[in-house]
Amino acid sequence: MSTRPKPLVAGNWKMNGLKAALSEVSAIRDAAAAGEAGRAELAICPPATLIAAVADICKGSSVATGAQDCHARESGAHTGDLSATMLKDAGAAYVIVGHSERRTDHHETSEMVRAKAEAAIAAGLTAILCVGESQRQREAGETLTVVGEQIEKSWPKGASPDSLVIAYEPIWAIGTGLTPTPADVAEVHAFLRREVERLLGGQGTGVRLLYGGSVKPSNARELMAVPHVDGALVGGASLTAKDFMGIAAAYKA
Ligand code: PEP
């Protein structure tokens with residue numbers, strides 16, 4: 001099977017957004033309904049405080065709601081944490097796991113990320129699993145080794161094209177305005193496709209491979225045209241409907 005998967009453009013709001021920001025979500029929903037995202041599926045991953053409200057606004061639309069992290073357990077004595085089941089109950093369809101900011105700020109290992117991805121899948125969510133190298137690792141020529149090891153160690157049981165999305169996010173490109181060249185992205189994504197096919201067999205063709213790191217309306221078209229790039233994970237530029245839809249427009253015919 002060689003059909004390309006339906007692209008996904010997902011916005012990661014990180015620790016940004018109060019209730020006032022929900023007007024941006026309504027604007028994204030309306031723009032998507034007007035066909036401005038073309039054939040791409042959209043998802044917004046707000047802070048946990050806004051998940052239910054975003055899901056409410058997007059109900060019945062082509063815009064999905066996501067979360068930015070989940071706990072590996074379903075319930076219990078874990079003060080301040082949220083389980084995948086709770087996120088699903090609040091209206092989420094996606095959850096990001098293994099974002100580099102969580103790997104760094106919360107010392108999350110690939111083994112922990114794997115447990116989170118498995119919890120997400122068990123709860124009926126689609127996990128967006130992030131991988132990516134640091135500047136030092138890129139300069140040392142270690143990118144494929146690092147990304148390959150992250151995939152191997154965080155690969156969840158039960159993965160399928162419906163339950164798993166991979167996001168390649170070079171750490172040095174996140175929030176910096178720097179991006180790899182299209183040729184560099186092509187090399188990593190071709191490698192990821194081979195790895196996913198090795199782990200999932202024929203089904204690997206259908207797993208969406210997103211690029212993330214300083215995607216903007218001005219570079220989206222070029223990055224989204226790279227072979228095996230099936231969409232974007234967007235941070236800063238997902239906070240306004242104008243920029244987010246400017247990126248999604250890369251998929252407009
Ligand atoms: C991210 O953190 O997932 C991200 C891609 O951020 P930015 O688009 O701001 O670089």
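The basis for the numbers below is simple: all heavy atoms, side chains too, and nothing from hydrogens, waters or symmetry mates. Every value quoted in this text rests on a predicted model; they were computed, and no experiment measured them. Just so you know, ligand 1 is whichever comes first in the structure, and atom 1 is the first atom listed for that ligand.
- With ligand atoms numbered from 1 in the order given, ligand 1 contributes 7 (P), 8 (O), 10 (O) to contacts under 4.0 Å with heavy atoms of S214.
- The distance criterion of under 3.5 Å between nitrogen or oxygen atoms is met by G235 with respect to ligand 1.
- From the protein, the heavy atom lying nearest to atom 9 (O) of ligand 1 is G236 N, 2.9 Å.
- Contact atoms of ligand 1 toward K14: 1 (C), 2 (O), 6 (O) (distance under 4.0 Å to a heavy atom of the residue).
- In this structure, the side chain of H106 does not engage the main chain of E108 through any donor-acceptor pair within 3.5 Å.
- S134 and Q137 are linked by a side-chain donor-acceptor pair at a separation below 3.5 angstrom, with hydrogens and angles left out of the test.
- Residue contacts with ligand 1: K216 is excluded, as none of its non-hydrogen atoms falls under 4.0 Å.
- Counting only distance, with no hydrogens or angles, the side chain of S154 and the backbone of R114 share no donor-acceptor pair below 3.5 Å.
- Proximity of A237 to ligand 1, defined as any heavy-atom pair under 4.0 Å, is not found for any part of the residue.
- Few gaps surround CD on E197; more than 12 heavy atoms of other groups in view lie less than 6.0 Å from it.
- Near G213, with a cut-off below 4.0 Å to any heavy atom, the atoms of ligand 1 are 5 (C), 10 (O).
- When heavy-atom distances to ligand 1 are checked against a 4.0 Å cut-off, I174 comes that close through both its backbone and its side chain.
- We find that D230 and R193 are joined by a salt bridge, their nearest charged nitrogen and carboxylate oxygen being less than 4.0 Å apart.
- In this structure, H189 and R194 have side chains that are not in contact, with every pair of non-hydrogen atoms separated by 4.5 Å or more.
- Looking only at atom types and distance, the side chain of S62 has no donor-acceptor partner in the side chain of R29 under 3.5 Å away.
- Of all the atoms in ligand 1, the ones that sit under 4.0 Å from a non-hydrogen atom of H99 are 1 (C), 2 (O), 3 (O).
- Between the side chains of Y168 and E133, at least one donor N or O sits under 3.5 Å from an acceptor N or O.
- Ligand 1 has at least one atom lying under 4.0 Å from a heavy atom of A173.
- Using a 4.5 Å cut-off on side-chain heavy atoms (C-beta onward), T176 and S214 make contact.
- At under 3.5 Å, a nitrogen or oxygen of E169, whether backbone or side chain, sits near a nitrogen or oxygen of ligand 1.
- Backbone and side-chain nitrogen or oxygen atoms of V234 are examined, and none is located within less than 3.5 angstrom of a nitrogen or oxygen of ligand 1.
- Counting atoms of ligand 1 from 1 in the listed order, those under 4.0 Å from a heavy atom of G175 are 7 (P), 9 (O), 10 (O).
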